[in-house]
K.L.:
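Before I ask anything, here is the structure I am working with.
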Amino acid sequence: NLGYAFVNMVDSKAVDELWKIFHGFADWALPTAKVCEVSWSGPHQGFKAHIERYRNSPVMHRSVPDEYKPVMFKNGVRKPFPKPTKTVKAPF
């Protein structure tokens with residue numbers, strides 16, 4: 001089971017703080033040997049690039065349960081993900 005997130009930081013000081021807190025984090029509520037790793041995203045970098053990467057992705061197909069789709073939050077409130085610009089193919 002993989003878990004990951006893209007976090008778009010808009011303040012360089014916030015980036016430093018997030019990195020210090022989360023990189024190497026292992027104090028999970030449930031027992032696991034997993035350790036959080038923070039890294040720069042590649043090849044996509046930035047909010048707009050990730051929106052464009054996922055808005056037409058098969059993960060956005062109607063057959064994919066909502067809990068597996070990317071989500072956006074602003075100030076802790078979930079916001080609607082931008083609609084696809086193409087027909088979204090079903091995942092394989």
K.L.:
Could you tell me which non-hydrogen atom of Val59 sits nearest to which non-hydrogen atom of Pro70, and how far apart they are?
P.N.:
CG1-CD, 3.9 Å
K.L.:
Treating Ile, Leu, Val, Met, Phe, Trp and Tyr as nodes and any side-chain heavy-atom pair under 4.5 angstrom as an edge, say whether Phe73 and Val7 lie in one connected cluster.
P.N.:
no
K.L.:
What class does the angle between the rings of Tyr4 and Phe6 fall in, given that below 30° is parallel, 30 to 60° is tilted and above 60° is perpendicular?
P.N.:
perpendicular
K.L.:
Enter the distance from Asn8:CG to Lys48:NZ here, rounded to the nearest 0.5 Å.
P.N.:
11.0 Å
K.L.:
State, with a plain yes or no, whether a side-chain heavy atom of Met72 is found less than 4.5 Å away from one of Arg78.
P.N.:
no
K.L.:
So which heavy atom on Pro58 is nearest to which on Val64, and how close?
P.N.:
O-CG2, 3.6 Å
K.L.:
Which atoms form the tightest heavy-atom contact between Ile21 and Phe25, and what is the distance?
P.N.:
O-CB, 4.0 Å
K.L.:
Parallel under 30°, tilted from 30 to 60°, perpendicular over 60°: which one fits the rings of His50 and Tyr54?
P.N.:
parallel
K.L.:
Applying the 4.5 Å side-chain criterion to the ILVMFWY set and letting contacts propagate, would Met9 and Val71 be lumped into a single cluster?
P.N.:
no
K.L.:
What's the separation between atom CZ in Arg53 and atom CD in Gln45, rounded to the nearest 0.5 Å?
P.N.:
14.5 Å
K.L.:
Looking at every non-hydrogen atom in both residues, tell me the closest pair between His61 and Val88 and how far apart they are.
P.N.:
CD2-O, 3.2 Å
K.L.:
Should we count NZ of Lys89 as having more than 12 external heavy atoms under 6.0 Å?
P.N.:
no
K.L.:
Surrounding CZ of Phe81 (heavy atoms of other residues, nucleotides or ligands, distance under 6.0 Å), is the total greater than 12?
P.N.:
yes
K.L.:
How close do Val35 and Ala26 get, heavy atom to heavy atom, and via which atoms?
P.N.:
CG2-CB, 4.2 Å
K.L.:
With hydrophobic residues grouped by side-chain heavy-atom distances under 4.5 Å, do Phe92 and Met60 end up in a single group?
P.N.:
no
K.L.:
Taking atom CG of Asn75 as the centre, does the number of heavy atoms from other residues, nucleotides or ligands within less than 6.0 Å exceed 12?
P.N.:
no
